[in-house]
Q: 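Please see the structure below; I have some questions.
Below, chains carry the letters A, B, ... as their sequence lines are ordered, and counting in each starts from 1. Since we're looking at a predicted model, the values are computed, not measured. Computed from heavy atoms alone, side chains included, the values below leave out hydrogens, waters and symmetry copies.
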Amino acid sequence: MMTRRAFLTSGVRVAGLAGLLALPRTGWTAPKEVTLNFLTYETLPSTKTILLAQFREFEKLHPGVRINPLFTSPEAVRKQVSSMLQAGASPGVVNLDLEDALLYSHANVLEPVTDVVRKVGRIPDRWRALVKGEDYFVPNDVKFTYTWYRSDLVSRAGITPPATWPEFRRAAQRLTQNETYGYVVVSNETGDEPVSMLFSYAYSNGVSFFDDEGNLLFDHGDNKEALAQTLAFFKEMARFSPPASNFQWGDVISAFSSGRVAMADYIGARLYDVVLLNNPQLAPVTTPMVQPYGRIRANRSSIEGYMVFRGVQNLALAKELIVYLHSGRRYLEYLWSIPLHALPPDRSVFEGAYQGNAFVKSHQDIVRVIRESWDAAHNPVYDLSGKRASYVRARVYTSTVYNRMIARVIDGGVSPEKSIEQAAAEARALLRQ
Amino acid sequence: MTVAVTEASAPGLLQRARGVRRRLTVELVFVVAVGIAFLALEVVPIAAAIVLSFERSGPFTPRASWAGTSQYAAVLADPVFWRALRNGATYALACTALQLPLGVGAALALHAWGSTLSTSLALLPYLIPTVSVTLAWSWILNGLYGILNHALVGLGLARHPIFFLQDPRWAMPAVVAVSVWQFTPFVILVTLANLQTIPSHLYEAARIDGAGAFGQLWHVTLPLLRAPILLVLLLRSVWMFNRFDVIWLLTGGGPLHATTTLPVYAYVQTFENGSYGLGAAVSTVIFLLLVAFGVAYFQLVRPHEEVIRHA
């Protein structure tokens, strides 16, 4: 029979052995072995399959290299990055938005990737995170905001697809019936959905939020007036929308694909892809149109791309991986895995090799809307007419300041002007922190 | 005679002394191990969070800087903080007030008439991951295609679908209802376990004294359940006040802060607004509030005395 002493001694030995085995592997691996973390929010199964296959190829070409991917939501990627930075670990290669690159480069946690941008080539200046002459972001794909509508309901209502705000308002009203809502106005207080939509419409009403020097513009003069009009327009459109104070992108898609909403904005073509998968009967009548405009033709663009965090185990290899994913057929396969949603930032690629895909060929209505939206697209870090990427714009844009500004008007009954003034005060307080 | 006894007991005493020393050593090892774990897992993180609450830091801040008490001032000056405090108290109070009678009632029924299957079914909601529960309930409560609205409208109980999670009047009751559904089984579990420890002779004595079913419940069962119920009251209040997942996943704290509680507010400050300092300040306030609540509870209710009284 085992004595207590023997039991305790063997227990301590087992625990010690287990502890040794659980030690971080880096302490035991040969110096040649490299693990590259790769965080992305493109989680569509088709995209995941393509990327994982490309990682395996890359690992084969570089023995001793292991890519450690994490596919999750944008919020989860950002949270993971925050946690890793706080713990002093490098997140590695991360696929996020242009705004994020500006924020992290400001915090001095990114490696410059100017050489990679040069190698990848033909990136328009308006989509670069250029800070003090260095690039901190390799744009991977671009998306534009446009509107989807049910062509059967629109023609049944005897109207044409709306092009301007007044037409849009009338269409939403006509399409709002017992069982169907005309449109969706999202007003959650933390997600990026309402802010994305607000910016798209505010740009099309001529609103500039900050100048290149970081001075606040949206709370005075023409900008305030145009922004107040935009918020008032949202408030009016909310009359034809289901209450959507907790809606996220997925809920917007569900509302449309369930047939309960006749028109919805989306960034890119994912809404159509989901309708095709979940309710194929609706796909033939799910039609894109250029987002209705206020004073000028403009919309918000979303730029997704790679950034490399300081402390990455092998910087040269991390950069090589980005170039590898960006090259030739491999890159096109990635873009086609989310067809007509993730578009190449280089327009010549979009008009050239990208058109060779069967889905792209058969959906020329979406291609037409993309062409019309391309030059009118603006990213929040450059704003409507900025020349330089701005940390200040990115900081306020990614906070909840604009969310609350919208929610106060839509759900709280506060006047647009008052809500703008409050948002301006909150933005200043945020920037002082 | 005396010498003989002493000689005979000396080795025994020595052995006993060695045994005591060994036991003390083992006990000391365990106490030190627990002490280190407590220090590493409780004291250090709490201290780190308190220090963080005096710093200006975040994922987009180049380096942390001393903020003094300014972040506490900013938090206390924010009306959303006070709203979140009120909401948290309402949520915790409503959830606990509903969970306790429902849980104790269900446990009494299961104890009297329940089978293994019915007991397992009653405990099931507590075993399902919160993410799955909230996803299912957000579909059930959905105003566009939710089954509950379909039933309400179909049965003529509502003229139009109710947007439970988006309507400021309904959001809090909906969140409370989902929480009660998921967490009441904990009360059932604790009560059921305690019901099974009540000696049957107490019921026999009560019957001999002429007590009926209600008399037995009132004079035997409930007094003996007092101690566990008081403990559950404390645990459920603290856990519900600290609850984040159900609220965040169902409403995100909206509409217009109608369901924002302090943990949600702390999360938004930390991760949505990128300010670790503000988030840590809110967390420290939550910690202090709960410590104060715990101390007051133990002073007023004295649950440990209840346990001793009924032991």
Q: Select one option (side chain, backbone, both, neither) describing which atoms of B/Leu249 are under 4.5 Å from chain A's heavy atoms.
A: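 For B/Leu249, there is no contact with chain A at all, as no heavy atom is under 4.5 Å.
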
Q: Could you list which of residues 155-174 of chain B have a heavy atom closer than 4.5 Å to any heavy atom of chain A, in residue-number order?
A: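 When heavy atoms of chain A are the reference, residues 155-174 of chain B contributes B/Phe163, B/Leu165, B/Gln166 within the under-4.5 Å range.
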
Q: Spell out the residues in residues 272-288 of chain B that have some non-hydrogen atom less than 4.5 Å away from a non-hydrogen atom of chain A, in order of number; otherwise answer 'none'.
A: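 Within residues 272-288 of chain B, the residues that come under 4.5 Å of chain A (heavy atoms only) are B/Glu272, B/Asn273, B/Gly274, B/Ser275, B/Tyr276, B/Leu278.
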
Q: Looking at OG of B/Ser138 and CG of A/Asn246, how far apart are the two atoms once the value is rounded to the nearest 0.5 Å?
A: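 One finds 8.0 Å between OG of B/Ser138 and CG of A/Asn246.
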
Q: What part of B/Trp248 lies closer than 4.5 angstrom to a heavy atom of chain A: side chain, backbone, both or neither?
A: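 The side chain, not the backbone.
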
Q: Please identify, among A/Pro243, A/Ser245, A/Pro242, the residue contributing the most non-hydrogen atom pairs under 4.5 Å to chain B.
A: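 Looking at each of A/Pro243, A/Ser245, A/Pro242 in turn, A/Pro243 comes out on top.
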
Q: Identify the heavy atoms of A/His106 and B/Phe60 that sit nearest to each other, and give their distance.
A: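 A/His106 and B/Phe60 have their closest heavy atoms at CD2-O, 3.4 Å.
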
Q: Heavy atom to heavy atom, less than 4.5 Å: which residues from residues 390-401 of chain A reach chain B?
A: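 Against chain B, the residues of residues 390-401 of chain A that fall inside the cut-off (heavy atoms, under 4.5 Å) are A/Tyr391, A/Arg395, A/Thr398, A/Ser399, A/Thr400.
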
Q: Would you say A/Glu189's side chain and B/His257's backbone share a donor-acceptor pair under 3.5 angstrom?
A: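 Yes, A/Glu189 side chain to B/His257 backbone: donor-acceptor pair under 3.5 Å.
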
Q: In terms of heavy-atom proximity below 4.5 Å to chain A, should B/Phe271 be classed as side chain, backbone, both, or neither?
A: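 Only the side chain of B/Phe271 comes within 4.5 Å of chain A.
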
Q: Using non-hydrogen atoms and a limit below 4.5 Å, what part of residues 71-80 of chain B faces chain A?
A: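 Within residues 71-80 of chain B, near chain A: nothing under 4.5 Å.
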
Q: For the interface with chain B, which of A/Asp411, A/Leu85, A/Thr190, A/Asn108 has the highest count of heavy-atom pairs at distances below 4.5 Å?
A: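 Of the candidates given, the most pairs with chain B belong to A/Thr190.
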
